[in-house]
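In what follows, a structure is listed as structure tokens, so that the remarks can point back to it.
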Amino acid sequence: MPSNAARRAPSRPSSDRPYMAETQFSLRIPNRPKAVRRALVEICGRTDASGSGPDTVGRIEITLAEVLNNVVEHALRHEEEGEIHLTATRKNDGWHFDIRDGGVAMPGGIVPHPDLPGNNCPLENLPEGGFGWAIVNTLARDLHYRRRAGGNHLTFVIPEH
Amino acid sequence: MPSNAARRAPSRPSSDRPYMAETQFSLRIPNRPKAVRRALVEICGRTDASGSGPDTVGRIEITLAEVLNNVVEHALRHEEEGEIHLTATRKNDGWHFDIRDGGVAMPGGIVPHPDLPGNNCPLENLPEGGFGWAIVNTLARDLHYRRRAGGNHLTFVIPEH
Amino acid sequence: MNLSRHETADACVISVNETRIDAAVAIQFKDRMRDKTEDAGARIVLDLGQVEFIDSSGLGAIVAAMKQLGPDRRLDLVALNPNVDKVFRLTRMDSVFRIFDTLEDAGAL
Amino acid sequence: MNLSRHETADACVISVNETRIDAAVAIQFKDRMRDKTEDAGARIVLDLGQVEFIDSSGLGAIVAAMKQLGPDRRLDLVALNPNVDKVFRLTRMDSVFRIFDTLEDAGAL
Ligand SMILES: Nc1ncnc2c1ncn2[C@@H]1O[C@H](COP(=O)(O)OP(=O)(O)O)[C@@H](O)[C@H]1O
Ligand SMILES: Nc1ncnc2c1ncn2[C@@H]1O[C@H](COP(=O)(O)OP(=O)(O)O)[C@@H](O)[C@H]1O
């Protein structure tokens, strides 16, 4: 839990303070696509306000959309209730995300690392999905998954360049 | 490919021919729940006609329902078209199934081996799904999965007791 | 998805007039159960005597049907044929419901 | 999911009057595209100028919209903002569509 001073960190590092102070926020996101949408808008607002540039904010939004929609569509797909807990922490190397849900385990117990669906095929065979984890694997660093106490726990970093 | 003689194997082993002759059939199943249903009815008819008892036919129907519905709901979920190819072969130890689809890979590249969802919980948290692979793992033997040439290939045996 | 309903002295009996509750009809089953039980009393008995097959989606729909009754009403099951019973046992959902062989055993004649 | 349509000399232009095409509206988008393009000619241009975000479900819905046009009609894309463009590039779907910066570049003014 960061101190209040850390929470009020200035949004951009100044030249005499090369290490950015930690900024952190948490959200609880209900198990519905519309709630994921609202959470993404909120997160973009906060990461932008803390001084991250549009490219970083864009990569955060794309990555989190895939991760959170996967939880709703897969981990919690048989549940009517359920919440996703998200914590975002800005560190020197980028934004660290910690995402937990109480849904079914990732099949195989690891983060899927699918190939991108092929696009070199006749029109009628073009893929309409299956892109999610391929996108996440491309944009996120230090992607870790653990199953613990009947829930899923995913952590990763979106680097800031 | 079995010979014609083998295909006309009598339905029950006689005492002087302890090894059952091979019986085999193949189906192509369109990527729709209703088509899976029709295929199951067909398969029950055939395995019953070849002399398997109701307990075996029941285990075949339950297992194939989970496997085939998973293909429709997951592997082919982003495809409007697509077919599942199924071959069933009766051997001495039971029914051998060979199931192929051209859909996305199993996450993690292996057959999921989830725990049964817990039922020791308040009413509102009772699981409404996630039972499929747990059922298959219980009823099938020699369950093997391979990814090859842009498709999935699953084989397993339903033993006859 | 044809469901019919009749009342007995102390239960509302829903009969499933179908041979299969599977992935093709699971959502429909759940919705029809909601309609049929909306104004039902505290005890609902689901008669599965005509059902020859359920898969895990059908099982999930029966669990969902019970959940949508809320905490103050209960759903009991009657007349599971051997294949249906097997699916409840394999998934340990047999311990979540009270299961009776006949409507008479269930006290719902 | 608000889509509007107008005709130019040699294209039918569909404008997406929404800021997001995401998992919450992907199926709706695909259905509305079917309605809007049913009687359209051989070239449809999708103007994404107002769209600030798509996720992989939205992308899939755009691919599905093209597929449902059949082999004799084409779907071109116009005015992808940087975030939308990024999703097309990451998934290599940028090579499946012709993508133009402006309606003028697309010859659909
Ligand atoms: N959070 C999750 N929990 C459980 N399973 C998941 C989760 N995310 C993805 N999966 C499984 O991994 C597969 C690949 O996911 P993804 O690449 O996002 O494609 P899709 O577009 O099908 O969601 C999914 O089809 C699903 O079977
Ligand atoms: N044939 C398949 N291809 C790809 N992914 C699959 C397949 N079957 C199952 N999965 C993944 O494994 C998970 C567990 O499957 P299962 O035990 O049948 O539960 P469910 O009721 O969710 O289908 C699914 O949610 C899905 O993510």
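Convention: sequence-line order gives letters A, B, ...; per-chain numbering from 1.
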Check whether any side-chain heavy atom of C:M66 lies under 4.5 Å from a side-chain heavy atom of B:L126, and answer yes or no. yes
Ranking B:V36, B:V57, B:D55 by heavy-atom pairs under 4.5 Å to chain C gives rank one to B:D55
Bottom line for B:P127: the part with an atom under 4.5 Å from chain C's heavy atoms is both
Any side-chain heavy atom of B:I62 sitting closer than 4.5 Å to one from C:F53? yes
Dump the intermediate steps for salt bridge (charged side-chain N to carboxylate O under 4.0 Å, His left out) on B:E61 and C:R20, then the final yes or no. CA-CA 12 Å; B:E61 184 169 21; C:R20 303 177 77 87; 2.8 Å; yes
For the NE2 atom on C:H6, are there more than 12 heavy atoms of other groups (residues, nucleotides or ligands in this structure) within a distance under 6.0 Å? yes
For a 4.5 angstrom cut-off between non-hydrogen side-chain atoms, does C:S56 reach B:I135? yes
Could you tell me whether the side chain of C:M93 reaches within less than 4.5 Å of the side chain of B:F131, counting heavy atoms only? yes
CG/C:D55 to OG1/B:T63 distance, rounded to the nearest 0.5 angstrom? 12.0 Å
Before giving the answer on side-chain hydrogen bond (donor to acceptor under 3.5 Å, both in side chains), spell out for B:N119 and C:S95 the whole-Å C-alpha distance, their side-chain angles and the decisive distance to 0.1 Å. CA-CA 8 Å; B:N119 61 10; C:S95 68; 3.2 Å; yes
Are any of the side-chain heavy atoms of B:E73 and C:S57 separated by less than 4.5 Å? yes
Quick one, C:K67 and B:N125 - any side-chain contact, counting heavy atoms below 4.5 Å? no
If I measure from the heavy atoms of chain C, does B:L116 come under 4.5 Å with its side chain, its backbone, both, or neither? side chain
Does any heavy atom of chain B fall under 4.5 Å from the side chain of C:L59, the backbone, both, or neither of them? side chain
B:L139 versus C:L90: any side-chain heavy-atom pair under 4.5 Å? yes
Is any side-chain heavy atom of B:R37 closer than 4.5 Å to a side-chain heavy atom of C:V25? yes
Nearest heavy-atom pair of C:N83 and B:G58: which atoms, and what distance? OD1-CA, 3.2 Å
